[in-house]
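Just below is one structure, and these are the notes that go with it.
For reference, positions follow the sequence shown, starting with 1. Not measured: the values here are computed from a predicted model.
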Amino acid sequence: IKFVRGDEVMIPSHTFVATAESVRLAGATPVFVDVNPDTWVMDIETVKQRWRSRVKAIVPVHLYGMPVDMNPIVEFAAEKGVPVIEDAAQGHGARYHGKRVGSLGWAAAFSFFPGKNLGAFGDAGGVTTNDHKLEEAVRLYINHGRREKYEHIAMGNNYRLDTMQAALLEVKVKYLDAWNAQRRALAARYRENLSREPFASAPVRFQQDTPGAESAFHLFVVTLPKRDRVAEELKKRGVPTGIHYPIPVHLQPSMRDVSPNAEGTLLTTERLALNILSLPMCPTMSITDVDDICDILRIVLTL
């Protein structure tokens with residue numbers, strides 16, 4: 001896609017800032033949309049509500065490993081004549097109606113940051129597409145526009161994945177499905193515990209499944225009141241937590257020029273930012289670990 005001044009790209013605000021940065025670095029302006037109050041990812045209603053003619057692409061984000069409900073978005077995008085580009089940075093191995101995330105739109109971007117489900121030694125990433133012309137363009141762009149050695153037919157840069165990172169990923173990808181299966185087992189146990197008392201009566205909620213989706217559970221995130229106090233009490237008791245993400249992208253200082261006076265415009269996203277808490281999640285954990293964490297959380301919530 002070649003953007004011109006005034007072109008826009010739809011993205012959710014409930015995401016890591018890199019989603020918006022990539023849009024701006026490509027020369028377009030992000031149009032921030034809210035997320036579904038149950039799944040916490042983009043859905044078709046949020047897209048339709050803020051659609052405008054200057055939009056040239058839609059970028060759904062499979063946040064926390066949960067696939068977006070892609071079929072309605074892909075169909076709507078086709079009607080409007082714009083491509084769908086998946087942000088699959090947290091979606092390694094997730095599936096939607098049996099298809100892997102990264103194969104659902106025109107193209108997809110993956111992160112292989114060490115903390116991801118499929119992580120390298122350091123920063124790394126990849127692109128998937130079913131468009132051979134796009135594939136060729138990407139291969140040129142990431143390698144100084146080189147077709148043959150010392151023959152550079154296009155402008156590019158050095159975005160190659162170095163050999164050491166590729167070698168590690170080639171080994172680790174064989175274990176991805178097994179690791180994700182363990183993540184799903186841990187998430188199921190979290191959900192089972194959090195559906196019981198006293199959690200069932202307390203305002204503790206977890207991310208719901210997109211219909212037809214199989215999450216990769218990159219993170220297990222809940223919403224609860226007095227989030228910061230709960231996080232501090234859990235830390236005192238040896239339970240580390242995180243917040244993904246405390247400031248919505250449309251309220252970030254770096255986005256003020258494209259998103260002025262934005263506070264109060266994306267209510268679900270802004271509410272999530274105040275209440276979300278990421279509980280421990282990694283494939284080396286056990287079911288007993290989850291039970292212990294939930295027992296400690298139960299104690300903290302009674303304080």
Side-chain angles (χ1 to χ4, degrees), residues 1 7-24 26 28-91 94 96-97 101-102 104-109 205-213 215 218-219 221-223 244-252 255-256 258-276:
I1 304 174
D7 284 350
E8 297 176 334
V9 176
M10 279 190 154
I11 66 171
S13 179
H14 188 46
T15 182
F16 183 56
V17 70
T19 310
E21 287 175 330
S22 63
V23 171
R24 301 201 69 183
T29 300
V31 175
F32 297 107
V33 302
D34 216 340
V35 292
N36 182 284
D38 297 317
T39 62
W40 307 345
V41 293
M42 177 188 281
D43 68 7
I44 189 61
E45 296 307 317
T46 66
V47 171
K48 289 180 177 179
Q49 287 166 9
R50 304 206 67 171
W51 176 263
R52 41 208 193 188
S53 60
R54 296 189 298 273
V55 172
K56 302 303 179 184
I58 301 174
V59 180
V61 180
H62 306 299
L63 197 68
Y64 308 149
M66 182 62 67
V68 173
D69 191 5
M70 290 290 291
N71 286 346
I73 291 175
V74 170
E75 291 171 6
F76 180 77
E79 291 175 9
K80 298 297 184 180
V82 301
V84 174
I85 303 167
E86 299 170 73
D87 181 335
Q90 299 182 12
Y96 173 75
H97 292 291
V101 159
L104 305 170
W106 178 56
R205 300 178 59 236
F206 46 80
Q207 186 181 33
Q208 299 297 308
D209 291 330
T210 296
S215 177
H218 171 58
L219 298 170
V221 182
V222 298
T223 62
H244 302 84
Y245 299 93
I247 304 175
V249 182
H250 73 288
L251 300 182
Q252 290 285 356
M255 298 294 154
R256 283 178 183 153
V258 297
S259 187
N261 305 313
E263 189 169 359
T265 59
L266 302 177
L267 296 180
T268 299
T269 294
E270 293 173 36
R271 190 161 48 245
L272 285 170
L274 294 174
N275 297 297
I276 48 176

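The CE atom of Met70 lies 5.0 Å from the NE2 atom of His62; values are rounded to the nearest 0.5 Å. For the atom pair CG of Leu219 and CD of Gln90, the computed distance is 5.5 Å after rounding to the nearest 0.5 Å. Here NZ of Lys80 is found 9.5 Å from NZ of Lys48. Values are rounded to the nearest 0.5 Å. A distance of 10.5 Å separates NZ in Lys56 from CD1 in Ile1, rounded to the nearest 0.5 Å. The line from CG of Leu266 to OG1 of Thr46 is 9.5 Å long, rounded to the nearest 0.5 Å. For the atom pair Ser22 OG and Ile85 CD1, the distance stands at 8.5 Å (nearest 0.5 Å).
Listed here is the closest heavy atom pair of Pro30 and Val23: N-CG1, 3.7 Å. Here the shortest heavy-atom pairing between Met66 and Val41 reads O-CG1, 3.9 Å. Shortest non-hydrogen contact noted between Ile58 and Pro60 is O-CD, 3.4 Å. Scanning all heavy atoms of the two residues, the minimum distance from Val59 to Pro12 falls at O-CD, 3.3 Å. Residues Pro248 and Pro246 share a closest heavy-atom pair of CD-O, 4.0 Å.
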- [ ] Step by step, work out the side chain to side chain contact (heavy atoms under 4.5 Å, CB included) result for Asn36 and Glu45.
- [x] CA-CA 8 Å; Asn36 182 284; Glu45 296 307 317; over 6 Å; no

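Side-chain contact between Val55 and Arg50 is absent, with no heavy-atom pair separated by less than 4.5 Å. Under the 4.5 Å side-chain criterion, counting only non-hydrogen atoms from C-beta, Val17 is in contact with Met255. Taking the side chain as every heavy atom from C-beta outward, Gln49 and Asp34 never approach each other to under 4.5 Å. In this structure the side chain of Tyr96 reaches within 4.5 angstrom of the side chain of Asp69, judged on heavy atoms. Between Val61 and Met42, the closest side-chain pair of non-hydrogen atoms is not below 4.5 Å. Using a 4.5 Å cut-off on side-chain heavy atoms (C-beta onward), Val84 and Ile73 make contact. Side-chain contact between Thr15 and Val249 is present, with heavy atoms from C-beta onward closer than 4.5 Å. Under the 4.5 Å side-chain criterion, counting only non-hydrogen atoms from C-beta, Phe16 is not in contact with His244.
In summary, of the residues considered (Val9, Val258, Thr29), a side-chain contact (heavy atoms from CB on, under 4.5 Å) with Arg24 occurs for Val258 alone. Across Thr269, Leu272, Leu63, a single residue satisfies side-chain contact (heavy atoms from CB on, under 4.5 Å) together with Trp40, and that is Leu272.
In this view, Arg256 satisfies the salt bridge (Lys or Arg N to Asp or Glu O under 4.0 Å) rule with no residue, not counting sequence neighbours.
Judged by distance alone, the side chain of Gln208 and the main-chain N or O of Phe206 form a donor-acceptor pair under 3.5 Å. The main-chain N or O of Arg54 is never found under 3.5 Å from a side-chain atom of Glu8 such that the two would form a donor-acceptor pair. Under a 3.5 Å cut-off, the side chain of Asp209 and the backbone N or O of Gly212 do not form any donor-acceptor pair. One N or O on the side chain of Ser215 and one on the backbone of Gly65 form a donor-acceptor pair closer than 3.5 Å. Thr210 places a side-chain N or O within 3.5 Å of a backbone atom of Pro67 that can act as its donor or acceptor partner.
In this pair, His250 and Phe32 present their aromatic rings tilted. The plane angle is within the 30 to 60° band. Using a 30° and 60° split on the angle between ring planes, Tyr245 and His14 fall in the perpendicular class, above 60°.
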